[in-house]
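In what follows, a single structure is set out as C-alpha cells and then discussed.
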Amino acid sequence: MPEFKKHLAIIRNHHYLMLFSLFIVTSCNGSFSTLAPAGPAAEIIANIFWWMLGGAIFIWIAFLLICLYAVVWRPEKRHNARQTSLFIIGGGVLFPIVVLSVLIYFSLLPLPVLLRPAPEGSLQVEVTGYQWWWRVRYIENGKVTELANEIHLPLNKPVQFILKSEDVIHSFWIPSLGGKMDMIPGHVTRIALTGTKPGIFGGVCAEYCGASHALMMFKAKVSEQKVFDEWLAHQKQPATEPQTELGRQGREAFKSYGCLACHTVRGVGETGVIAPDLTHVGSRLSLGAGILPNNKEAFLKWLIDTHNVKPQVKMPTFDMIPEEDLKAISAWLEELK
Ligand code: CUA
C-alpha cells in the first residue's frame, strides 16, 4: 500500500508539472508560438484553437454543474424513466454528434484557403529536408541561390514553398506563419505562406525523423521588401575575401583538409553538394540547423564535439585536426558574412 501511495504522489506531482508547463506554453508569445500568428494562415489556425478551447471550457463547466446537481444538490424526487432516457440520449448521443459535426465543419472549412497556392509569379523557395538540416534554394526565372537552415520572406508577399526530402519523411513548420506540411521522399508537396509582421520566427521539423529530429530547426525572417531584396542580392554574391590573417589561414586549412568535398563555398570551391552551402554561413541567424549561436566558438564546438551537439549527424567529427587549424577554420567561417 505505501508503494501505491508513493506512485500516486508521483502521478500527482507529474500532473502539477504538466499543468505548470501548460501555463508556460500558453503564456509564451515567443518565436515558435502558434498563438502569436504573424500571417493569415496562422491566424485561421489560432482562431480554430480559441473556438475549440472556448467550447471545451463551456462543455466542461456544464458537465461539472450536472455532476454537482447529481452528487451535491441531490434532487428530492427521483426522475421518471422517460426523463432519464431523454437526458441520456440527448446529452450522451445527440449533443456529441451535433458538437463534433459543427467542429469538423468549421475545421475543414478553411482548408481550401490554407492549401491555396501562391499567385502566379510569386517568389519560389524550394526547401529540402535532410537528417537533420534544410537545403534552401531561392528560384527566380530558373536561377538558383542556395543557402541552408534559414528562410527570408518579404513582408506581406505570398511565398510559394516547394517541399522535398532526400531521406526520410520530415515536416516543414513555421508555427507563427501557418500550418505544417510533410516533406516526403520522391514526392513534391507545396505550401504558400505570407508573413504580415516583420520579425524572426522559429521553424521546426514536425515529423519524427530520427535521433536528432528535435535538433532540426531553422529561422524564418520576415522583413520589408527593400531589406529582403538587399539580403537576397548579397546571398547571390560569392564568398567574401578573408578579412584577417587568421581567416586566410582558415580558408587554406578548410581547403587542405578536404572540407570542400562536402560543402560548397561559392568562389572557393563548388563541387561539394551533399552538405549545407557555407558561402555566407557567417551571416546566418544560427548554426547547426537552429541549435547554436553563430560565432567562432560555436563553429569550434561543432567541429570538435559534432556528435554530442547533434547525435548521429552524418558529418564526421574533426577533433583529430590540430586545434589551431580548427580555430582558424572557425574564424574564417565566422567571417563569411
Ligand atoms: Cu526532420 Cu523531424
Side-chain angles (χ1 to χ4, degrees), residues 21 24-25 28 30-35 38-39 41-42 45 49 114-115 124-139 144 146-153 159-193 195 200-222 262-264 272-278 281 284-294 298 301-302 305-317:
S21 51
I24 296 178
V25 169
C28 79
S31 63
F32 287 97
S33 180
T34 49
L35 303 182
I45 293 165
F49 171 82
L114 293 176
L115 296 176
Q124 301 220 331
V125 183
E126 182 191 282
V127 185
T128 309
Y130 293 80
Q131 284 173 317
W132 291 278
W133 62 282
W134 317 79
R135 190 189 295 278
V136 178
R137 302 167 91 217
Y138 281 76
I139 304 167
V144 172
E146 183 166 324
L147 59 145
N149 304 326
E150 191 160 303
I151 289 159
H152 289 226
L153 301 90
V159 178
Q160 181 65 58
F161 288 96
I162 301 153
L163 306 173
K164 299 176 175 180
S165 169
E166 280 292 318
D167 39 41
V168 299
I169 300 177
H170 303 274
S171 182
F172 176 84
W173 192 26
I174 310 169
S176 295
L177 294 190
K180 52 187 89 151
M181 182 57 75
D182 277 3
M183 310 169 102
I184 302 160
H187 182 78
V188 176
T189 49
R190 288 162 207 276
I191 192 168
L193 295 173
I200 296 168
F201 306 100
V204 286
C205 175
E207 176 81 31
Y208 181 72
C209 55
S212 284
H213 153 70
L215 302 175
M216 182 172 174
M217 296 185 274
F218 62 94
K219 302 270 187 215
K221 183 175 179 185
V222 177
C262 299
H263 293 282
T264 279
V273 290
I274 65 164
D277 182 299
L278 298 178
V281 68
R284 291 184 196 151
L285 297 160
S286 65
L287 294 184
I291 60 171
L292 293 173
N294 190 346
K301 188 176 169 58
W302 175 260
D305 210 13
T306 323
H307 293 97
N308 280 325
V309 176
K310 188 168 281 197
Q312 292 185 20
V313 67
K314 300 258 165 34
M315 176 165 158
T317 182

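Every number for a ligand or one of its atoms is a count from 1 in the order of the listing. This one's a predicted model, so the numbers in the text were calculated from it and none came from an experiment.
The name of the N, O or S atom in Glu207 nearest to atom 2 (Cu) of ligand 1 is O. Distances from atom 1 (Cu) of ligand 1 to each N, O or S atom of His170 single out ND1 as the nearest.
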>> Walk me through whether Asn294 and Ser286 qualify under side-chain hydrogen bond (donor to acceptor under 3.5 Å, both in side chains).
In response: CA-CA 5 Å; Asn294 190 346; Ser286 65; over 6 Å; no

>> Run Val125 and Ile162 through side chain to side chain contact (heavy atoms under 4.5 Å, CB included) and show every step you take.
In response: CA-CA 6 Å; Val125 183; Ile162 301 153; over 6 Å; no

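The distance from atom 1 (Cu) of ligand 1 to the nearest N/O/S atom of Ser171 is not under 2.8 Å.
Nearest heavy-atom pair across Gly178 and Ala41 is CA-CB, 3.9 Å.
For the pair SG of Cys209 and SD of Met216, the angle at atom 1 (Cu) of ligand 1 is about 110°; rounding is to 10 degrees. To the nearest 10 degrees, the angle centred on atom 2 (Cu) of ligand 1 between SG in Cys205 and ND1 in His213 reads 120°.
Relative ring orientation between Phe161 and Phe172 is described as tilted, the plane-to-plane angle lying within the 30° to 60° band.
Side-chain contact check for Asp277 versus Leu147: every heavy-atom pair is 4.5 Å or farther apart.
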